[in-house]
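For reference, the structure discussed in these notes is given below.
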Protein chains: 2
Amino acid sequence: MLRVNKLTDYAVVVLCDLLRGQALRSAADLSASSGVPLPTVAKILKQLTKTDILQSVRGVNGGYGFARAPQNISMAEVIEALEGPIAVTGCAGDSGECCELTDQCPMSGHWTAVNVAVRGSLAEVRLIDMLPEARFMDPDDLSSNIAARHAPAAQQAQA
Amino acid sequence: MLRVNKLTDYAVVVLCDLLRGQALRSAADLSASSGVPLPTVAKILKQLTKTDILQSVRGVNGGYGFARAPQNISMAEVIEALEGPIAVTGCAGDSGECCELTDQCPMSGHWTAVNVAVRGSLAEVRLIDMLPEARFMDPDDLSSNIAARHAPAAQQAQA
DNA sequence: AGATACTGTACCGTTTTAGTCCTGTATATG
DNA sequence: CATATACAGGACTAAAACGGTACAGTATCT
């Protein structure tokens, strides 16, 4: 096990879908093309917008898009956006909450080594590594984040 | 999140306790000295015995001990013993079970990169790294697994 | 003004997890 | 040989986390 939430799993599916299409996609659109239920997609997108992975545009013709170049987004960021700080055990976590054995617990904080190791390895896996086709796509296409699309000077091939 | 079971957490506490004391300790003994409830300790020890991390000796004066030199036991092994194969998501896991979106799911098997990365980092963290004192302990003491203790020629200082 | 689409919160059913108990088996000791 | 000790294995129950849904609100374009 040591597994991520189902929500995180779906998030990667949705993000890869977003990676593939237009720069700005509505939640309903992403739900239809990814097969993930709309309420779930909405939940995921909202969560990802709180961090600097996605940006949202409200109103008619609004939607979600990458807040920055997707090549620079790591799996560690995605997982942390959905599940909070990567802490393998509560003891070593952010919150001071420790198990009830604090007195005798000889390893308070020693899970840190594990956390650092895991987080480090996740930081090296990029989001686009999850999408096989992306490796062969035009770099210009991949960098289609909101900023690039909305910039006046940007050449908008498919927008 | 991305957290391990509480059971795995306790397992490390118990294992470190075992690392510190006699080569052969009963479940009740380990429960008393670690503070973890006996039924839980028993569950953990039984699980760890199924792999080649611990060995058990039945009957009076029986108990549990390391099946091999604890220096060579990695956190990846401990976690896998308690939680099964390290698979961050079901899709990439061992069992063929995939999500319901198999048709459209473009990333069947691409979590593998994540799994490999995480497992690799966990394999490099050793169990004794979790126990600060262990680094300063006599290597002979640390290698006190059952085989060494029960070997006729072995000098048994504290057994 | 109205339609579209994101925002935030609160709720409930399901699933997973933690913890406990019971019966069985093996071994050392008196 | 009988008994006490200690592990083996499985089943069961209560609690917590998670996934999914719904609803009321806000912003923006046409």
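Naming convention: chains lettered A, B, ... in sequence-line order (proteins, then strands); numbering from 1 in each chain. Excluded from the calculations below are hydrogen atoms, water molecules and symmetry mates; all remaining heavy atoms, backbone and side chain alike, are included.
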TODO: Check whether the side chains of B:Thr49 and B:Gln55 place a donor and an acceptor atom closer than 3.5 Å, and report yes or no.
DONE: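 No - no donor-acceptor pair under 3.5 Å links their side chains.
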Open item on the list: Pairing donors with acceptors under 3.5 angstrom, does anything connect the side chains of B:Glu83 and B:Thr8?
Closed with: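 Side chains of B:Glu83 and B:Thr8: pair found under 3.5 Å.
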To the nearest Å, give me how far apart [atom1] ([X]) and [atom2] ([N]) are.
| X | N | atom1 | atom2 | answer |
| --- | --- | --- | --- | --- |
| A:Asp29 | C:dA5 | CG | C1' | 12 Å |
| A:Leu7 | D:dT21 | CG | P | 12 Å |
| A:Leu54 | C:dC6 | CG | P | 11 Å |
| B:Ile44 | C:dT17 | CD1 | P | 15 Å |
| A:Gln47 | D:dG20 | CD | C1' | 15 Å |
| B:Lys43 | C:dC22 | NZ | C1' | 14 Å |
| A:Leu24 | C:dA5 | CG | P | 11 Å |
| A:Tyr10 | D:dC18 | OH | P | 16 Å |

Task: Residue pairs, two or more places apart or on separate chains, that pass salt bridge (Lys or Arg N to Asp or Glu O under 4.0 Å) and touch residues 36-46 of chain B - done: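 Pairs touching residues 36-46 of chain B that pass the test: none.
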Open item on the list: Generate the contact string for nucleotides 1-9 of chain D. Rules: B means base contact, S means sugar-phosphate contact only, - means no protein heavy atom under 4.0 Å.
Closed with: ---BBSBSB
Task: Reference residue B:Leu15; test side-chain contact (heavy atoms from CB on, under 4.5 Å); the match among B:Ile44, B:Val78, B:Leu30, B:Ile73 - done: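 So, applying the side-chain contact (heavy atoms from CB on, under 4.5 Å) to B:Leu15 and each of B:Ile44, B:Val78, B:Leu30, B:Ile73, only B:Val78 qualifies.
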Open item on the list: To the closest 0.5 Å, what do you measure between CG (B:Leu82) and OH (B:Tyr10)?
Closed with: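 One finds 13.0 Å between CG of B:Leu82 and OH of B:Tyr10.
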Task: With sequence neighbours excluded, residues passing salt bridge (charged side-chain N to carboxylate O under 4.0 Å, His left out) with B:Arg25 - done: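 Only B:Asp17, B:Asp29 meet the salt bridge (charged side-chain N to carboxylate O under 4.0 Å, His left out) criterion with B:Arg25.
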